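Down below is the structure, laid out as structure tokens.
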Amino acid sequence: MATTPVSQALTRGGAFLITAISPDDVFTPADLSDDQRLIGQTADEFVAKEVLPLIPDLEQHKEGLMAQLLKKAGEVGLLGGTIPEEYGGSGLDKISATVLAEKLAGYASFAVSHGAHAGIGTIPIVYFGTEEQKKKYLPKIATGELLSCYCLSEPQAGSDALASRTRAVLSPDGKHWILNGQKMWITNGGFADVYVVFAKVDGEKFSCFIVERGTPGFTPGAEEKKMGIRGSSTVPLFFDNAVIPRENLLHEIGRGHIVAFNTLNVGRFSLGAYCLGGAKNVLAASSKYSKERTAFGKRLCDFGLIKAKLGEMAIRTYAVESMIYRSAGMIEAAVSTPGPAVDKTLQAMQVLEEYAIESSISKVVGSETLDFCVDEAVQIFGGYGFHEDYPVARAYRDSRINRIFEGTNEINRMLIVQMLMKRAMTGVIPLIPAAMKLGEEVLAGPSFEETPSGAFAEEERVLAQAKKIFLLAAGAAVQRFREQLAEQQEIVAALANIVMDVYAMESSLRRAQKSSATRAQAPGGAGDAAQAFISDAIDRIEKEARTALAAVAEGDALTTQLAVLRRFAKHAPIDTIALRRRVADAVLAQDRYPFEGR
Ligand SMILES: Cc1cc2nc3c(=O)[nH]c(=O)nc-3n(C[C@H](O)[C@H](O)[C@H](O)COP(=O)(O)OP(=O)(O)OC[C@H]3O[C@@H](n4cnc5c(N)ncnc54)[C@H](O)[C@@H]3O)c2cc1C
């Protein structure tokens, strides 16, 4: 499938904190092309027809069933999205790949297995494989004839992946690599044919290898007993003098971390999209149930506290969706714009690195929003939510892993700030001049800036102030701790939370503005969702900034900074209870997420 060029202003990764963009600059679900919608429809139909009926057997780990299902997905072209057409894939554009990931979330175990194969199990070969490796593996991975997986974690090396103890040494005749060690938690590991394995050459140089099932000395272990995603395969792998052909080194010796971390960038972005689909599914189930169940002579959905839950689930899902499609649009625009790199694959890799901050945001906010939604769904179902015969109990268990794998949310929060600081220090994004300008503004005292007018004027103003709050808090933290800031993890996490909320606020607002320019907004529409989200987000941002500043400054300096913070965070009160009720009514009117495709 050809990529769809996206008309959009190019912005650097992380630059959203200091640049202003217009609604026309953001890609939204309303901008999906017919082809992109069709991909979503195909995935939807596949899940409904082929996956959902098998859930009871898949949950019981019926031998070979998940592998069969993946192969079936391959037959209808759902596995080759990341693989270029010349190697038998469909070379999906980033937006289509996002739609696909979202729609496969109907059964989390399938979504995870799909991601391990078609995402992180394939990307290393697509981006770093030799021509021979690509020709040998990719066409078969695209059809599902070969199933793959990504093998980084070890019993004592998870977040700290570079502490790997798996070793590779060249055999005396120089023809083979001999691998020794153990991997842990490998999704698809029980049935895969192709294992992308990370190991240290001579115990020092972190590198990557392709290992095939049946390799002498290599044994996948027994299935782990898991809290959730029970339909997926998760096993340890054992390498006991495993003999691997020399040509199965993937990329260069000592450059395995480049393969590992760039692959995770892509995986994190998709994980956010899978979570988005999951959140929509539990919202639909909760809406239906809240109409069927009665208490005190009323339907559950007629109680304010149930409406508050449905409304908030939809509002947060709207924010996640707005961010993810905006990021997908930026990535796609950058990939399809001619760049300095001659090689298209290399250019795609550079673009994915460029938007690594946005990918981490997708992962963290996607997984935490899904966790919020499944938790509220269980609450709406009451005791039945706690029973395995009802769908939300499984969704609750399945959701939890998303905050742990593909880099825990703690690690991703650190990464967001680390990457931003690196970009600031190297001048890739002019954060330092922006912070200095803000410092001058603060010293000059309150000014009579031109205030925005028209619809969403208050939200526009609040968004601009939120960006200033980030600069205020981050500037103070960097000044105090300088290179040692990374060691102040609580402050770093507070800054990351501000960054994520700013991106969510802006993405929600621009999408609402874009949609209100083309269609009248009914009560409970996107405008209500964006307004409620922004009003709550600025309060969260103020709190995070206060926590950070109090750890950074003291005495008069702190008093002054908190006064500035209060001035920036000031906002007109709005009735978020009424907004949430209206959004809940929109959910109930359709029994689903009400902003689909809008
Ligand atoms: C079901 C499942 C499927 C998985 N699939 C795969 C797969 O296909 N391939 C693969 O390679 N791996 C896979 N994993 C492994 C997964 O990526 C790791 O579990 C994850 O990276 C966390 O590592 P860990 O479990 O060793 O936890 P640890 O790294 O020990 O972390 C424990 C806690 O400490 C925190 N922590 C760690 N370091 C820091 C730090 N520097 N600062 C602050 N807090 C920190 C973490 O955030 C976490 O809260 C899977 C795991 C599970 C459970």
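These numbers come from a predicted model, not from an experiment. Numbering of ligands and ligand atoms starts at 1, following listing order.
- Shown here, atom 12 (N) of ligand 1 is in close reach of the protein: a heavy atom of it lies under 4.0 Å off.
- D193 places a side-chain N or O within donor-acceptor distance of the main-chain N or O of L147, the cut-off being under 3.5 Å.
- Of all atoms in ligand 1, listed by their number and element, those nearer than 4.0 Å to a heavy atom of T408 are 22 (C), 46 (C), 47 (O).
- Salt bridge absent: D202 and R167 never bring a charged side-chain N and a carboxylate O closer than 4.0 Å.
- The protein heavy atom nearest to atom 25 (O) of ligand 1 is W185 NE1, 4.2 Å.
- A distance-only check finds no donor-acceptor pair linking the side chain of K280 to the backbone of E102 [under 3.5 Å].
- Within the 4.0 Å cut-off (strictly below), no protein heavy atom is located near atom 35 (C) of ligand 1.
- Ion pairing of K72 with E50 is present here, as a side-chain N (NZ or NE/NH1/NH2) and a carboxylate O approach within less than 4.0 Å.
- Under the 4.0 Å criterion applied to side-chain N and carboxylate O atoms, E223 and R230 are not assigned as salt-bridge partners.
- Proximity to F405 (heavy-atom distance under 4.0 Å) selects the following atoms of ligand 1: 2 (C), 3 (C), 4 (C), 16 (C), 17 (O).
- Looking at ligand 1, you'll find an N or O of Y150 within less than 3.5 Å of one of its N or O atoms.
- Using a 4.0 Å cut-off between heavy atoms, Q489 contacts ligand 1 through its side chain alone, with no backbone atom that close.
- By the side chain to side chain donor-acceptor pair (under 3.5 Å) test, S327 is found to be paired with Y503, residues two or more places apart in sequence or in another chain being considered.
- Taking the ring centroids of Y150 and F198, they lie under the 6.0 Å cut-off.
- Here is the list of ligand 1 atoms found below 4.0 Å of a heavy atom in T187: 3 (C), 4 (C), 5 (N), 6 (C), 7 (C), 8 (O).
- Protein heavy atom nearest atom 37 (C) of ligand 1, with residue, atom name and distance: S159 OG, 3.6 Å.
- Of the protein's heavy atoms, E410 CB, 4.1 Å lies nearest to atom 44 (N) of ligand 1.
- Atom 20 (C) of ligand 1 has as its closest protein heavy atom I404 O, 3.6 Å.
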